[in-house]
Amino acid sequence: MSLLSPEFLSYLERLDLLIKRSIKGPTIGERLSSKYGRGIEFQDYRSYEIGDDFRYIDWNIYARLDRLFVKLFREEETSVINILFDTSKSMGFGNPSKLYFGKQLSASLGYIGLVNYDLVNLYCISSTVEKRLESLRGRHSTMRMLRFLDGLEAQGVTSLNRAIRESLKGLRGKAVFIILSDFLDPDGYEEGLKLLNARGYETFVFHILSEEEISPPVSGSLKLIDSETGETIELDDIDDILIGYRETLRKFLEEIESFCLDHSIEYIRASSSIPIEKVVLYYMRLGGWLK
Amino acid sequence: MSFLSPIYFLFLLSIPIVIILYLLRTRRQILIVPSVYLWKRYTREELRYSVLKKFLRDILLLLQILAIILLTLGLVKPGIFSYVGARNVIFIIDTSCSMQAKDIKPTRFDSAKRKALELVDSLGRGTNISLFSSDSKTRFLLDYTTDKTKVKEVINSLSPADTEGNIINTLNYIEKLGKKPDVIYLFTDGAFDRDIPSSLPIEVFTFARDSNNVGITSISARDTGIKGEKEIFIRIENFSKDKRNVPLQVWEDERLIETSTLSLNPGEKRSITVGPKRFSGIVKAMIYPNDLLPVDDRAYLTFPRVKPSVLLVTRGNPYLEIALSLANIGVLDKVDTFDQTMLSRYDIVIFDGTAPREVLPGNYVFIGKIPENIPLEVADIQTDPVILRVDSTSPIMRFVDTRGITMKRAVIFESTQGEALIETKDGSILWSYDGNFGRIVAFGFYPEESSLIESSSFPVLVNNIINWLGENPSPSLASTGSVIKLRTKQMNESITVITPYGVIKRITDERRSIAFGDTYKVGVYSFRSSLGNIDVGVNLCSSSESNISPRVSSREYKGSPISRERTLLNTDIWRFLALSYLGVIFLEGYLFYNRRLA
């Protein structure tokens, strides 16, 4: 259990993913739906209408008021949480690496899903879905999930749009998508996120950055090699360029954030150097992801 | 723009070398990064929004390249192609006498010069300008040049001569030179008779308004045959449109010898005769018409006595040589063989016992033999001839006593021309000729074979012959612009010429001759040499020039359009380029130093 400490797990057990949309899973679960239906938690009354199940008529009220009212219950449903974890080669950078940070984050969110009896699917994506671990449910699946995450390595080239399309194949019903990535994809991410949004999935985007991306520890003249594609770029007088690079990074982050805001996608970004406990227990709660 | 030394563009090859060195100098650290996506995006933005900033980053390299370019430009001598109105332009300025007329203030010539200067200024850069002046002679003043300052300088230095004009000759001369101008600008008063050929690309600017002029158009003297007396003829013409009363005065040295007033109708010419008289010194004719051209209001005649130069062709004749030494001779040379080229150097040639087959016209003495082409034939050879008649009226036989003269033999001449000076019963044995062939005296006998040699009449006869042959039949007179030829006693002798415009010194050549052609002003030219003083009157005396009325009008060239070709101008900007180069080098050093400090 190297990814998450037992103390942290105990904290996570008290948290639940704050899902705003009604997500009806394949089975009845423990998550209260915003919809009325079958359940055990009373929600409201309404006048009887022809066709209503007699079993839900409140006879006590009928006796008192001589009118028929039907009891309404809040539906309890199972949520499907799909965690799309970018394990491309670029995630292997940082201290700790973005991959490790992503593993911790995936484990945390997955564990929260498991303890809330949600259906958790893990997809490791790069240019496509490289590995997947599906249909995890219940606390007993925790070890399986952690082992799966522990065995992941950074490899492949990022292609978010393609990977998202791949992950949607065969998926039915509503679901939650949590995307963990550095989003360093020249082909962009917009198409994939729009697709998720169009299908009505509630989407959470966690943008993982490393410190060396935020403040590259470079100087002089450099020949930069892309870890994924091997592409090179030569830069002189990097000290002057860094100012412009930071500006470019700022614009890049703003673009993602604005895009997510425009498409009702939850967005949080964090550096891999920030402790996972702080990210989950503070940032995510503050951001309204967890309750 | 083009370049005069494009070979130096090879120097630009050093730019790639500098760039290679610059690239080699920057050793880059290799770094593997998660993705170059953001870096590439940054560089794209940089290129899009701040290309200059990127270039400025490599400003030292740019300055080095700029320095090389400046240095190269300096070496290749850049020139500028400029479109010019006409590539080759010839200016002809009429400097003939009539251009001195004052109907256009201050004179026609000054107005023409002003117009020419304006035209030079108005020509485009790169126009090749050539300059000619035209009076009696054509002067090639300036070959094609683009230096307008030089052209204007030469134009300003021009002044009109007192000579006739000959524009047509000038045009022919230019044509023969093969200058091939795009246009010829002719500045003239149009006061000449022959019109300009319309086929030539000439634009004529005329400067003339009035024809108010009365001038002396001829002056000459004629021998009356009586004791050296001469008559002087002076012709005066009225070219103005009004009747004119013109006072005339004739001066002999400082003495007024003739005065009258002539009444001349428009276009009338009148000849005045002065003499007969034995004139001496300088005779000056003056009229006072108060007209537009004063130059032709005076004319000069001089009556010099020039000692002749004599060539004696002989195998040795001491009697003759002694007699010649006593005669009035300037130069006496002796040779044993004759060459026709010698003729031009001598006034008189004496052939003693020899004669060429043919001779050119000139003044000759033939003793014993005669050439075939003179109008004299040998009729017979007579032994012990007897003198029957002597022509004592001839100046050759003056003071010559032939009584008692005997001779062993003599050639008898026969001729329909000339005069027989000494005759025998069969014909003449001493003959003289004065005609188209020059003046000739032919001896039918050898003096040394006669008793004449023992007589005192022999040197007198020789002196008379020399005087007669060497006599200048007319006063010294020349036209303005003509060449005056003189001989001296010695080689390389200095001759002082006092001209109407100053004193000039000339040196004769090995032929002891001098040709003086700077006779551009009317007046008396006085030549001082070892032979004494020789005065020559130089006059305009030209009806065509005194007639200052414009006969040729302005004309604009309407030929094919003037070619608009590109001409390469050498722009002397290498100093600017060198300064710029130094500036760039200093700037680079300054930036490099500051960067290191930073």
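Worth knowing before you read on, the calculation uses all heavy atoms, side chains too, and leaves out hydrogens, waters and symmetry mates. Lettering follows sequence order; numbering is per chain, from 1.
With rounding to the nearest 0.5 angstrom, the OH atom of B:Y37 is 12.5 Å from the CD atom of A:E213. Going from atom CG of A:L184 over to atom CG of B:L38 covers 5.5 Å, rounded to the nearest 0.5 Å. Annotation: the span from B:S35 atom OG to A:I225 atom CD1 amounts to 13.0 Å, rounded to 0.5 Å. Separating the CD atom in A:E231 from the NZ atom in B:K40 is a distance of 3.5 Å, to the nearest 0.5 Å. The CG atom of A:L224 lies 9.5 Å from the CD atom of B:Q29; values are rounded to the nearest 0.5 Å.
Residue A:E234 places its CD atom among more than 12 non-hydrogen atoms of other residues, nucleotides or ligands, all under 6.0 Å distant. Within a 6.0 Å sphere centred on CD of A:E134, other residues, nucleotides and ligands contribute more than 12 heavy atoms. Surrounding CD1 of B:I7 are at most 12 heavy atoms belonging to other residues, nucleotides or ligands under 6.0 Å away. The number of heavy-atom neighbours closer than 6.0 Å to CZ of B:F140, taken from other residues, nucleotides and ligands shown, is above 12. Heavy-atom neighbours of A:R250 CZ from other residues, nucleotides or ligands within 6.0 Å: above the threshold of 12. Other residues, nucleotides and ligands place no more than 12 heavy atoms under 6.0 Å from the OH atom of B:Y8.
At least one donor-acceptor pair under 3.5 Å links the side chain of A:D226 to the backbone N or O of B:V36. Listed for the A:S90 side chain is no donor-acceptor partner under 3.5 Å among the backbone atoms of B:P34. With A:S227 contributing its side chain and B:V33 its backbone, the two residues share a donor-acceptor pair below 3.5 Å.
Across all non-hydrogen atoms, the minimal contact from B:I32 to A:F93 is O-CE2, 3.6 Å.
Ring geometry, A:Y245 versus B:W39: the interplanar angle falls under 30°, so the pair is classed parallel (tilted spans 30 to 60°).
For A:D182, no part lies near chain B; criterion is any non-hydrogen pair under 4.5 Å.
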